[in-house]
Amino acid sequence: MASGRIVIENAAIATVDAHDTEYADGHVVIAGHRIEAVGAGRAPEDLPDVVRRIDAGGHLVTPGLVNTHHHFYQWITRGLATDHNLFDWLVALYPTWARIDEPMVYAAAQGSLAMMARGGVTTAMDHHYVYPRGSGDLSGAIIRAARETGVRFTLARGSMDRGRQDGGLPPDFAVETLQDALAATEETVRLHHDASFDAMTQVAVAPCSPFSVSTELLKQGAELARRLGVRLHTHGSETVEEEKFCHEQFGMGPTDYLESTGWLGDDVWMAHCVHMNDSDIAAFARTRTGVAHCPSSNARLAAGIARVPDLLAAGVPVGLGVDGTASNESGELHTELRNALLINRLGAHREAALNARQALRLGTYGGAQVLGRADQTGSLEPGKLADLVLWRMDTLAHASIADPVTALVFGAAAPVTASFVNGRQIVRDGRLLHVDEDAVARSTRSEARRLSRLTTQN
């Protein structure tokens, strides 16, 4: 944990608090692992125990970005099945994913985390749901990679118990039994979940999707999560094919089906939520169920345009997600600020769909809401955790844009001069401080090739 005070001053600041308070020239004081002060002008000169002063002239300071949906293991299967819709893409890739093991998952998690962290993410999550038999401690490997990178982290411990013989999409040897999935999930929560205010690792219960898990796994998974006091996560309403599947199998759409299994509530967030009608949105608003909006992945897989403006207008918590990098090869959340804004303007609301500050809120406070951590992070306010980013805005890419928030969202990806998590710096001048990026690149390349060889041999 960091000690002493760090003073950041001479910066533009977007706090993303309830009033969208901004300072054209302001300061942030970090004391230990929390934000002590945010305000206009320079910090007081007589502050005691100042260990570092940062002159952030030419920078915009924002809360750290919060990623609300990802599949880290997919880092080593990027660039495959590039012209497929979701179901065809899953059918093409599940046989490969079913061969993953602990070294592969660890390397892939390192790659996914490194790419996000160096681009301004301070809170990450991973929805990992592929646990082939005999593959090792996959959850432990993912958590270890997050700890080494230095980001705040939620592992959504996923599961699948509906293989091909039961009408699901994944190969049968890649799924767990109902009881094994529940027992392993409970053990993961027991070993790794930290419920404290400044927790660096939390765990959610996360059966994969309506078309890869049984109704009983959804029901008992929800009961397990609420008994353990942790959050719930799954995919929902991603494609028209999923909608058709739910009507054929269960006689109702995805939202009604998930509600019937206990999967709506203020402790739940779902990924995608593209194909939702007015009744679905009203149900999410009524229950305060959250949404992880993944614009690039939705476009990559031709899933459609989520009704984000309507979700926000109804009061639904919405954050941003990278999604797995087999459907978003860049793996960077800061580009999702721009993509969320642009893609939503192609929808019914056109230019009124989202503005720059709404997009920034999705990527920060909205994400913290969705992960159940809005009291701790997602905005720059005294008492909150010191998770923040210094974006350099005085280079060729942004210097002629007067408003720094507009520059950040509408412009090219801005360089990250510094990123802090819990008051500890994890990025300097666009490079990770605690992980060797070049070594990670070599490791991910090696593991991707090993996975490809295993798949070809079988």
For Glu176 and Ser159, work out which heavy atoms get closest and say how close.
OE1-CB, 3.7 Å
Taking all atoms of both residues into account, what is the closest heavy-atom pair of Thr417 and His59, and its distance?
OG1-NE2, 2.7 Å
Which value, rounded to the nearest 0.5 Å, describes the distance between Phe420 atom CZ and His33 atom NE2?
15.5 Å
How long is the gap from OG1 on Thr406 to CG on Leu60, to the nearest 0.5 Å?
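Here the interatomic distance stands at 10.5 Å.
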Consider only side-chain N and O atoms of [X] and [Y], and report whether a donor and an acceptor are under 3.5 Å apart.
| X | Y | value |
| --- | --- | --- |
| Arg300 | Asn328 | no |
| Thr444 | Gln110 | no |
| Ser443 | Tyr106 | no |
| His192 | Arg157 | no |
| His272 | Asn298 | yes |
| His69 | Asp323 | yes |

Between [X] and [Y] (side chain of the first, backbone of the second, donor and acceptor by atom type, cut-off under 3.5 Å), is there such a pair?
| X | Y | value |
| --- | --- | --- |
| His27 | Gly41 | yes |
| Thr325 | Gly331 | no |
| Lys219 | Thr261 | no |

Are [X] and [Y] side-chain neighbours, meaning at least one heavy-atom pair lies under 4.5 Å?
| X | Y | answer |
| --- | --- | --- |
| Tyr129 | His71 | yes |
| Met393 | Leu408 | yes |
| Tyr73 | Ile142 | no |
| Ile305 | Asn344 | yes |
| Leu380 | Pro63 | yes |
| Glu332 | Ser296 | no |
| Val230 | Val203 | no |

Go through Leu354 and Leu312 one step at a time and tell me if the side chain to side chain contact (heavy atoms under 4.5 Å, CB included) criterion holds.
CA-CA 10 Å; Leu354 291 175; Leu312 293 174; 3.8 Å; yes
Under a 4.0 Å threshold between the charged nitrogen and the carboxylate oxygen, would [Y] count as salt-bridged to [X]?
| X | Y | value |
| --- | --- | --- |
| Arg361 | Asp20 | yes |
| Glu9 | Arg42 | yes |
| Arg431 | Asp438 | yes |
| Asp403 | Arg357 | yes |
| Arg450 | Asp101 | yes |
| Arg53 | Asp55 | no |

Using a cut-off of 6.0 Å, state whether more than 12 heavy atoms not belonging to Asp180 lie near its atom CG.
yes
